[in-house]
Amino acid sequence: MSQPKKLIIGITGGIGSGKTAATNIFQQLGIDVVDADIVARDIVKVGSPVLDLIVKQFGKGIILADGSLNRAMLRQQIFSDNAQKLALNAIMHPAIRAELLAQLDAATSDYVLLSAPLLFENGLEKYVDKVIVVDVDESVQMRRASDRDGVEPSQIEAIINSQLSRHERKNKADFIIDNSGSLLMLNEQVKAAHIWAKNLII
Ligand code: ATP
């Protein structure tokens, strides 16, 4: 008999909204989490085929002395050159997608979460059945993310402005986790989301 289709739930939210804090709790509840940011980092590891492709495109100067990718230089190069940005996306996007799908396929928990800050912006919602949005207002995002990263709130504000608006994101949600309260309150909300998700499984 063929395997029933696995339920895949996307979890997204703006910078500093608490996706990682939330997915850590889901993991404690036994749910597998595939993290798009971690995949994007891991596929350019030293010795990876994707890193070789980046070197072919950008030259050996894009590699640091320890053999790893010079992310700051890469960011700078694509910032000032749109053709290079498109070339990088053409290398990265299919590789990220393939790895995400492989990890989602390998998941064994009752349902699996795909955590991606840019779930909608990068067209990843087509791989998920439902979407959870972790929501806080912009002032909380700025405070928590600037405390976490040790940067000025204005830097966080620029990133918030480059992402989907809070309103648009919430409109696309099937379940909203309000993370404006304490971590204890987040814990309760994640448990409620977990029950909701398990009830979706037939
Ligand atoms: P990014 O998209 O930037 O990776 P994120 O959505 O994963 O961010 P987190 O890293 O989980 O956000 O949370 C941002 C910061 O806020 C972290 O330092 C986290 O510990 C803290 N935080 C998250 N939720 C709460 C909360 N309810 N109360 C207090 N601090 C919180």
Side-chain angles (χ1 to χ4, degrees), residues 8-45 69 71-72 74-75 79 89 92-93 96-97 99-100 103-104 107 109 111-125 127-128 130-197:
I8 302 175
I9 300 182
I11 181 162
T12 190
I15 181 168
S17 57
K19 292 174 296 298
T20 308
T23 53
N24 285 344
I25 303 168
F26 278 104
Q27 279 176 321
Q28 287 163 17
L29 295 169
I31 298 305
D32 293 334
V33 177
V34 177
D35 187 316
D37 277 354
I38 294 175
V39 166
R41 244 194 339 263
D42 283 355
I43 59 163
V44 295
K45 275 193 310 232
L69 181 62
R71 290 166 193 278
L74 188 63
R75 252 197 313 275
F79 184 72
N89 285 346
M92 292 290 288
H93 286 177
I96 292 173
R97 207 171 308 129
E99 180 59 23
L100 286 178
Q103 290 192 14
L104 289 170
S109 52
Y111 60 92
V112 55
L113 288 178
L114 171 58
S115 176
L118 303 178
L119 186 83
F120 299 116
E121 293 89 330
N122 286 344
L124 293 173
E125 85 262 35
Y127 301 116
V128 306
K130 297 284 176 192
V131 175
I132 296 173
V133 166
V134 183
D135 178 62
V136 289
D137 73 34
E138 288 85 354
S139 63
V140 176
Q141 278 181 275
M142 282 200 280
R143 180 165 42 78
R144 288 186 185 155
S146 66
D147 284 353
R148 180 194 60 190
D149 300 343
V151 299
E152 287 298 314
S154 60
Q155 279 192 44
I156 304 298
E157 192 174 18
I159 296 172
I160 290 174
N161 290 335
S162 75
Q163 298 181 337
L164 208 65
S165 76
R166 182 183 181 200
H167 179 72
E168 286 171 297
R169 204 184 285 111
K170 280 174 78 172
N171 268 342
K172 291 170 181 280
D174 296 296
F175 192 103
I176 296 174
I177 291 178
D178 171 5
N179 188 25
S180 53
S182 65
L183 285 169
L184 208 64
M185 286 157 91
L186 176 63
N187 203 58
E188 290 308 311
Q189 302 226 14
V190 170
K191 282 187 187 151
H194 180 61
I195 291 168
W196 166 78

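Counting begins at 1 with the first residue of the sequence. Just so you know, ligand 1 is whichever comes first in the structure, and atom 1 is the first atom listed for that ligand.
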If we number the atoms of ligand 1 from 1 as shown, the ones under 4.0 Å from a heavy atom of G181 are 26 (C), 27 (N), 28 (N)

Considering only protein heavy atoms, which is closest to atom 12 (O) of ligand 1, and at what distance to one decimal place? G18 N, 3.1 Å

Under 3.5 Å donor-acceptor pairs involving side-chain atoms of residues 111-121, not counting sequence neighbours:
| residue | atom | partner | partner atom | Å |
| --- | --- | --- | --- | --- |
| Y111 | OH | H194 | ND1 | 2.7 |
| E121 | OE2 | L164 | N | 2.8 |

Quick check: does any side chain N or O of E99 sit under 3.5 Å from a backbone N or O of V39, one acting as donor and the other as acceptor? no

Quick one: does atom 19 (C) of ligand 1 have a protein heavy atom under 4.0 Å from it? no

Write down the atom of G30, the atom of S109, and the distance for their closest heavy-atom approach. O-CB, 3.3 Å

Would you confirm whether D137, through its side chain, and S139, through its main-chain N or O, come within 3.5 Å as a donor-acceptor pair? yes

Per-atom contacts of ligand 1 with S182, taking only distances under 4.0 Å to non-hydrogen atoms: 27 (N)

Roughly how far, to the nearest 0.5 Å, is the CD1 atom of I160 from the CD atom of Q141? 4.0 Å

Can you find an N or O of N179 that's nearer than 3.5 Å to an N or O of ligand 1? yes

Is there at least one pair of N or O atoms, one from G16 and one from ligand 1, spaced under 3.5 Å apart? yes

Quick check on atom 8 (O) of ligand 1 - does any protein heavy atom sit closer than 4.0 Å to it? yes

Min over L183, T20, I11, L184 of heavy-atom distance to atom 25 (C) of ligand 1 lands on L183

Quick one: which ligand 1 atoms are inside 4.0 Å of a heavy atom on G14? 6 (O)

May I ask you to decide if T12's main-chain N or O and K19's side chain share a donor-acceptor pair within less than 3.5 Å? no

Got the closest protein heavy atom to atom 1 (P) of ligand 1, with its distance? R148 NH1, 3.5 Å

Stepwise side-chain hydrogen bond (donor to acceptor under 3.5 Å, both in side chains) test for S154 and E157: CA-CA 5 Å; S154 60; E157 192 174 18; over 6 Å; no

What is the minimum heavy-atom distance between V134 and S17, and which atoms define it? CG1-O, 3.3 Å

Closest non-hydrogen contact found for F26 with A193 is CZ-CB, 3.8 Å

Any idea which heavy atoms bring R144 and V136 closest together, and the distance? NH1-CG1, 3.8 Å

Numbered atoms of ligand 1 (with element) below 4.0 Å of I15, judged on heavy atoms: 2 (O), 3 (O)

Nearest protein heavy atom with distance in Å, relative to atom 6 (O) of ligand 1: K19 NZ, 2.7 Å

I'd like to know if S180 contacts ligand 1, where contact means a heavy-atom distance under 4.0 Å to any ligand atom. no

Do ligand 1 and P117 have nitrogen or oxygen atoms that lie under 3.5 Å from each other? no

With a heavy-atom distance limit of 4.0 Å, tell me whether A22 approaches ligand 1 through its side chain, its backbone, both, or neither. neither

of all protein heavy atoms, closest to atom 11 (O) of ligand 1 is A21 N, 2.9 Å

Give a yes/no on ligand 1: does G13 have at least one heavy atom closer than 4.0 angstrom to it? no

What residue and heavy atom of the protein are closest to atom 21 (C) of ligand 1, and at what distance? R144 CD, 4.1 Å

Determine the minimum heavy-atom distance between A22 and I11, stating which atoms define it. CB-CD1, 4.3 Å

